[in-house]
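Notes follow the structure.
Everything numeric in this text was worked out from a predicted model, so none of it was measured.
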Amino acid sequence: MKKKAEWPRRLRSQEWYGGTSRDVIYHRGWLKNQGYPHDLFDGRPVIGILNTWSDMTPCNGHLRELAEKVKAGVWEAGGFPLEVPVFSASENTFRPTAMMYRNLAALAVEEAIRGQPMDGCVLLVGCDKTTPSLIMGAASCDLPSIVVTGGPMLNGYFRGERVGSGTHLWKFSEMVKAGEMTQAEFLEAEASMSRSSGTCNTMGTASTMASMAEALGMALSGNAAIPGVDSRRKVMAQLTGRRIVQMVKDDLKPSEIMTKQAFENAIRTNAAIGGSTNAVIHLLAIAGRVGIDLSLDDWDRCGRDVPTIVNLMPSGKYLMEEFFYAGGLPVVLKRLGEAGLLHKDALTVSGETVWDEVKDVVNWNEDVILPAEKALTASGGIVVLRGNLAPKGAVLKPSAASPHLLVHKGRAVVFEDIDDYKAKINDDNLDIDETCIMVMKNCGPKGYPGMAEVGNMGLPPKVLKKGILDMVRISDARMSGTAYGTVVLHTSPEAAVGGPLAVVKNGDMIELDVPNRRLHLDISEEELARRLAEWQPSHDLPTSGYAFLHQQHVEGADTGADLDFLKGCRGNAVGKDSH
């Protein structure tokens, strides 16, 4: 257990607010124009509430209300809360993709912390990229920090059927193409998809990353699953505000919580919940910021034998609301601990170990959080595939895949990029059937740019009309955590930098062998070498703005797609005063 720091002591914020010099009076005096009494600057912890609220980030639209609860908790614990708006990248709004701006958001958060008088931070997050970006930025500064998420939406219902965010969007869209649903019915279903404030109500990326924050120890126990409109979400926010004040007094930092053991706990948790493949790329990036050596091999090593026991869409049938009522993530962590799959002594933001937090919880619904013998998938961890088509790895989510396609050999039908796919996929003359393997290029970190969630390519109508609902699909893209199918993602190196994916041709045979972790292009080594030598890049390169910076410095998906100059830069130095 960490030894608590001496208290009281002079805090970082006193570099701005403590004393009688001209510069201190400058900083302190201006802040007083908000009506703050002089005694608030007496050396108590100044807590920055980093809020990703935005009208254009619908998942986070209720975070202003939660921020007030966080403030109440900070005041109660004797701290001084100051709310700070930070970059908010919405998954459903930003183009070309929110993923392109995750690193920009992390950089902005890092500098917001580093350059301002904060002693500790509350990371107020929700939508997919807001959670990893704020944790990345906080990790780089290594000031005491704690996560509180906005929580998922309530269940959706359409004609008596549960409607899962994203999951049913893909499902209903395919039904329209197959002639099984009218466009009018699709529009009618739209009203039931997002019926309350909050993030996706499936185990999509938002709920997955909320779970990852809790499994890493960066959020209070039980935070991940409370619905956004449940009064207990407000209570969680207020308790988080109280806790961060004590964390500052104890000097409990992210680097002491997010250890290698904590990341291994998170990887196993992701397998157990049937979490998003996007967790791979985000945890790799967060680990890089903390200076933890985490790789794709760790994902396969830690997750391979973990059963998926959370029966939620897109892998199962329930939604986050039921997950919360069943006991939420603490029940999953307890199950992992009982199975010997949890580092029980990993420290959390509560100051207690993860096992102390969860050992006495109860599972209230064993159809939602299943016994291991009834698991959705016996080996639910993210599969890491390698071979001549993915020398640096590719990933697949077995709990969302079709078992009969996990070993498959098929003829490649190639799309050079997303525009080529859109131009061809609905053409009845496209030479494709259900035995083929759909391949899409130039959708990775550099290629899209930003690595959009387009890897779960919709099937061609001519196949859907046969009643076929899944085919093997391979790309260097990502897919939404709400999506499903036998989809190979994050193929590295990506096509835009001349990876083997770039030289796949129509008619090539490809072998997928998930049990043996193999992804193979059936051409000779000589032919592959010849094609790679002849390859020339085909996508346009940006010449200005953040897109240019991103293109020049973004790393591959296999290491987290962070900007190369931001990794391993942890430290909390106070900026020089220029006044």
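Side-chain atoms of Asn223 and Thr149 include a donor-acceptor pair closer than 3.5 Å. Side-chain contact of Ser276 with Thr205: a donor-acceptor pair under 3.5 Å is present, judged by distance alone. Between the side chains of Glu76 and Gln238, a donor-acceptor pair is found at a separation under 3.5 Å. In the model, Ser88 has no side-chain atom that pairs as donor or acceptor with a side-chain atom of Ser54 under 3.5 Å. Using modelled atom types and a 3.5 Å distance limit, the side chains of His553 and Asp564 yield a donor-acceptor pair. Side chains of Ser165 and Thr202: no donor on one and acceptor on the other come within 3.5 Å. Checking Asn155 against Glu322 by side-chain atom types alone, a donor-acceptor pair falls below 3.5 Å. Side chains of Thr353 and Asp345: a donor-acceptor N/O pair is absent below 3.5 angstrom, by distance only. Remark: the Gln246 side chain and the Asp250 side chain contain an N/O donor-acceptor pair separated by less than 3.5 Å. Side-chain polar atoms of Asp23 and Ser21 form no donor-acceptor pair below 3.5 angstrom.
When each of Asn278, Thr482, Thr97 is paired with Glu453, the side-chain hydrogen bond (donor to acceptor under 3.5 Å, both in side chains) condition holds for Asn278 and for no other.
Taking the charged nitrogens against the carboxylate oxygens, Asp300 and Arg304 do have a contact shorter than 4.0 Å, which makes a salt bridge. The pair Asp251-Lys4 fails the salt-bridge criterion, with no side-chain N (NZ, NE, NH1 or NH2) lying under 4.0 Å from an Asp/Glu carboxylate O. The pair Glu83-Arg64 fails the salt-bridge criterion, with no side-chain N (NZ, NE, NH1 or NH2) lying under 4.0 Å from an Asp/Glu carboxylate O. Remark: Lys334 does not engage Asp360 in a salt bridge, criterion side-chain N to carboxylate O under 4.0 Å. Ion pairing of Arg335 with Glu366 is present here, as a side-chain N (NZ or NE/NH1/NH2) and a carboxylate O approach within less than 4.0 Å. Using a 4.0 Å cut-off between charged nitrogen and carboxylate oxygen, Glu68 and Lys71 count as a salt-bridge pair.
Heavy atoms only, all atoms of each residue included: Met153 and Cys200 are closest at CE-CA, 4.0 Å. Smallest separation of non-hydrogen atoms from Ser221 and Val358: OG-CG1, 4.2 Å.
Expressed to the nearest 0.5 Å, how far OG of Ser231 lies from CD1 of Ile226 amounts to 9.0 Å.
Side chain of Arg233 to backbone of Pro152: no donor-acceptor contact under 3.5 angstrom is found.
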